[in-house]
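This report refers to the structure that appears directly beneath it.
The chains referred to below are lettered A, B, ... by the order of the sequence lines, with proteins before strands, and numbering in each begins at 1.
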Amino acid sequence: MDIFIQQIINGLVLGSIYALVALGYTMVYGIMGLINFAHGEVVMIGAMVALFVIKALPGLPAIVLVPLALVCAAIVCMTIGFAIERIAYRPLRRAPKLAPLITAIGVSIILQNLAMLIWGRNYHAFPPILPSGEHDVFGATITSLQIVIIVVAGLMMGGLTLLIRRTRLGRAMRATSENPPIAQLMGVNINQIISATFVIGSALAAVAGLMVSANYSIAHYYMGFMLGLKAFTAAVLGGIGNLAGAMLGGLLLGVIESLGAGYIGDLTGGFLGSHYQDIFAFFVLIGVLIFRPSGLIGERVAERA
Amino acid sequence: MLEVTKLSVAYGGIQAVRNVSFRVEQGEMVALIGANGAGKTSTLKALARLLTAASGSVRYCGQEISALEPHRLVSQGIALVPEGRGVFPRMSIVENLLMGAYSRFDKPAIVADTEHVFSLFPRLKERAQQLAGTLSGGEQQMLAIGRALMSRPKLLLLDEPSMGLAPLMVQRIFEVIRKVADEGMTVLLVEQNAKLALEVSQRGYVMESGEITLTDEAEKLLANPKVRAAYLGE
Ligand SMILES: Nc1ncnc2c1ncn2[C@@H]1O[C@H](COP(=O)(O)OP(=O)(O)OP(=O)(O)O)[C@@H](O)[C@H]1O
Ligand SMILES: [Mg+2]
């Protein structure tokens with residue numbers, strides 16, 4: 001088996017998930033200059049809701065059950081995303097930047113604890129209802145699930161790009177991100193646009209949550225923290241506030257992490273094993289912040305920060 | 001059409017506009033002139049609800065609008081071309097124009113109005129798909145005016161459309177402003193360039209340190225020795 005190609009494939013799968021989550025960070029940042037650190041918890045809640053819907057309805061075929069679980073997860077996540085903005089961030093719209101940041105951490109903790117109360121502290125195994133086929137590519141293996149993850153993530157990203165580029169709502173979102181008072185003059189209700197941004201980002205988070213729990217066959221009330229941090233890293237890597245940047249950053253981070261995990265043993269002479277794969281994300285984050293704080297294709301961090 | 005009574009605007013403790021009253025009748029073009037920092041922009045911003053007046057009343061078509069939510073103004077028929085143009089730099093010219101028509105849903109008419117704006121400003125048509133940020137200052141001013149027209153306003157508020165532009169460009173833009181006014185648009189024109197503004201307007205108000213100190217027909221203001229001395233460089 002070709003380790004290099006295998007790790008690239010695994011990296012792209014992981015990276016697609018990071019990209020979906022990173023889009024949520026970057027859209028909110030682009031519109032209101034805020035880093036919604038509670039976003040990772042929304043992903044976790046998406047994973048939990050999807051997993052428990054699937055568990056609750058055994059016997060249904062996967063082709064019905066998975067979309068149903070996804071819709072339930074999306075509805076719950078969108079509601080939570082909407083509520084987070086209304087309750088936690090809107091009252092702080094004119095406050096100094098530190099206030100919403102601290103609030104975001106508070107919201108994270110609340111959501112984590114709520115999830116723990118509802119679903120307990122245990123790891124939950126993802127029911128084995130997903131297709132388990134394997135396919136050969138260039139001497140490596142890709143599972144049917146991995147193909148589904150990449151394709152669905154690709155469709156979501158394509159759809160979002162069309163929404164932002166081509167629709168009235170997308171234009172209003174871009175106008176708001178460029179100049180809120182002028183957007184208002186045009187008749188844009190800024191509050192609605194901000195709500196829409198949170199709701200769309202949360203829908204993507206729900207999809208990512210289902211994907212990540214299916215990919216690792218596990219869900220846990222604490223899973224949103226690390227995932228959120230990595231997706232945030234991906235958004236910064238691509239250039240926060242920039243949609244294409246979040247997608248590129250997500251894929252890149254996934255691949256870097258996978259390759260790192262594949263070769264870390266060789267690189268350190270066996271001193272560190274693949275369970276150290278998380279350190280790569282943080283090397284990337286520190287590296288980007290030092291050498292290219294505006295990210296790979298970002299331009300606006302300096303003017304906002 | 002527009003009746004402003006005892007409007008005051010303050011930034012923190014600083015009163016930028018003090019008890020200003022003026023009116024604009026249907027179909028009129030009215031100039032509001034004054035030196036740097038006189039409070040013209042602050043007055044317009046209060047009208048357009050970009051900031052909230054400290055006190056005073058703004059009646060538009062018989063309705064009090066000084067507490068209206070800012071995004072509701074455009075559907076009432078009020079459009080502002082802000083100081084410094086305020087185009088969306090990372091959106092194309094067409095997209096900027098579509099933002100101007102954001103409050104409208106009559107798609108065929110929006111397409112027709114885009115063509116109308118292009119006929120007023122052929123320069124914009126040539127660059128239709130270009131990002132607004134790549135345009136020259138004059139072209140951006142054209143775009144800002146075109147974008148305002150896209151909402152089919154009844155009252156057009158213009159804040160220093162001549163600012164920072166070459167004389168030839170100013171001339172071209174004022175030709176369009178005059179044309180739009182001749183077609184029946186009500187216009188409130190804010191300008192530091194008093195001569196230019198008074199030449200195209202019917203009436204004028206002179207603003208000094210936050211207060212309106214003089215008002216008359218435009219021709220009479222142009223002939224007024226005080227105005228000539230203070231604003232026409234004589
Ligand atoms: N955001 C602000 N904060 C504090 N003071 C302000 C602000 N904007 C304007 N001012 C002050 O209010 C006064 C009026 O300014 P305003 O911009 O309304 O004048 P103006 O007549 O439009 O001037 P100009 O011809 O230079 O555009 C000035 O003294 C200015 O310094
Ligand atoms: Mg001004």
- Flag the one option from B:Met150, B:Met91, B:Glu69 with the top tally of heavy-atom pairs under 4.5 Å to chain A. B:Met91
- Query: Which residues, numbered in order, of residues 126-139 of chain B come under 4.5 angstrom of chain A by heavy-atom distance?
  - Reply: none
- Message: At under 4.5 Å between heavy atoms, what parts of residues 71-88 of chain B are in contact with chain A? List them by residue number.
- Response: B:His71, B:Val74, B:Leu80, B:Pro82, B:Gly86, B:Phe88
- Where B:Tyr102 and A:Ile193 come nearest, the two heavy atoms and their spacing: OH-CD1, 4.3 Å
- B:Met99 versus A:Ala175, closest heavy-atom pair with distance: CE-CB, 3.6 Å
- Task: Report the residues that fulfil side-chain contact (heavy atoms from CB on, under 4.5 Å) with A:Val255, sequence neighbours left out, ordered by chain and then residue number.
- Result: A:Ile8, A:Leu12, A:Leu259
- Nearest-0.5 Å distance, CE of residue A:Met186 to OG of residue B:Ser103: 9.5 Å
- Message: Given 3.5 Å as the limit, does a donor-acceptor pair link the side chain of A:Arg171 with the main chain of B:Leu98, or not?
- Response: no
- Who in residues 47-56 of chain B is close to chain A, using a strict under-4.5 Å heavy-atom cut-off? B:Ala48, B:Leu50
- Query: Between A:Arg174, A:Gln184, A:Arg168, which shows the greatest number of heavy-atom pairs under 4.5 Å with chain B?
  - Reply: A:Arg168
- Evaluate whether atom CZ of A:Phe282 has more than 12 neighbouring non-hydrogen atoms of other residues, nucleotides or ligands under 6.0 angstrom away. yes
